[in-house]
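Okay, so here's the structure we're looking at.
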Amino acid sequence: MQTERVTFLTTPDHKAALDAFAASSGRSVGHVVRDATSRYIASPSTADEDEEALELALPELERSIEQMKGTIDAMRATIARTCAAVDAALAGDPA
């Protein structure tokens, strides 16, 4: 089998993880990278699959954002009440 060299840049943490994974599976880093890229090339996601995933995730994301807005509004109200109580206490108001 004829081979060619491929070089890619990655972070030190990713390289360490790749080295550790290869060592723990008893394979070389080159073998792990060849295997992973071969699998990726053999079954890449299609635009339709990506769109379907987004369509499934979007409603949940929108619900979560609405919940977060409500929570933030409640937190702001609590902070405002607390600030008012502290201001009153510092002013000597026995409220």
Side-chain angles (χ1 to χ4, degrees):
M1 168 175 81
Q2 183 177 355
T3 61
E4 293 190 30
R5 182 174 304 275
V6 175
T7 303
F8 71 98
L9 300 176
T10 189
T11 65
D13 288 343
H14 186 250
K15 173 68 166 68
L18 184 57
D19 288 339
F21 179 82
S24 70
S25 61
R27 298 183 292 168
S28 68
V29 170
H31 183 94
V32 170
V33 171
R34 279 189 303 277
D35 187 47
T37 55
S38 294
R39 289 179 191 202
Y40 181 81
I41 291 168
S43 62
S45 66
T46 65
D48 290 340
E49 290 172 341
D50 292 344
E51 187 66 30
E52 182 179 328
L54 286 174
E55 286 178 17
L56 291 172
L58 189 57
E60 185 62 33
L61 179 60
E62 289 171 341
R63 281 191 294 276
S64 295
I65 289 171
E66 288 306 312
Q67 278 185 314
M68 286 182 236
K69 286 180 183 178
T71 300
I72 290 169
D73 289 344
M75 291 168 62
R76 285 181 175 158
T78 300
I79 290 169
R81 286 192 307 274
T82 302
C83 288
V86 169
D87 289 344
L90 291 174
D93 186 0

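These numbers come from the heavy atoms of this one structure, side chains and all, not from hydrogens, waters or symmetry mates. The structure displayed is predicted, hence computed values, not measured ones.
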How far does [atom1] of [X] sit from [atom2] of [Y], to the nearest 0.5 angstrom?
{"X": "Ile65", "Y": "Glu60", "atom1": "CD1", "atom2": "CD", "answer": "10.5 Å"}
{"X": "Glu51", "Y": "Leu58", "atom1": "CD", "atom2": "CG", "answer": "9.5 Å"}
{"X": "Met75", "Y": "Ile72", "atom1": "CE", "atom2": "CD1", "answer": "7.0 Å"}
{"X": "Ser28", "Y": "Arg34", "atom1": "OG", "atom2": "CZ", "answer": "5.5 Å"}
{"X": "Asp13", "Y": "Leu18", "atom1": "CG", "atom2": "CG", "answer": "12.5 Å"}

### Query
Mind checking what makes side-chain contact (heavy atoms from CB on, under 4.5 Å) contact with Thr10, not counting sequence neighbours?
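By the side-chain contact (heavy atoms from CB on, under 4.5 Å) rule, Thr10 matches Phe8, His14, Lys15.
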### Query
Is Glu66 salt-bridged to Arg63, going by a charged N under 4.0 Å from an acidic O?
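So Glu66 does not pair with Arg63 through a salt bridge.
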### Query
For the residue pair Ser25 and Val32, what are the closest heavy atoms and their distance?
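For Ser25 versus Val32, the nearest heavy atoms are OG-CG2, 4.4 Å.
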### Task
Determine yes or no for a side-chain-to-main-chain donor-acceptor pair under 3.5 angstrom, with Ser24 supplying the side chain and Phe21 the backbone.
yes
### Message
Between Asp73 and Lys69, is the salt bridge (charged side-chain N to carboxylate O under 4.0 Å, His left out) condition met? List the steps.
### Response
CA-CA 6 Å; Asp73 289 344; Lys69 286 180 183 178; over 6 Å; no
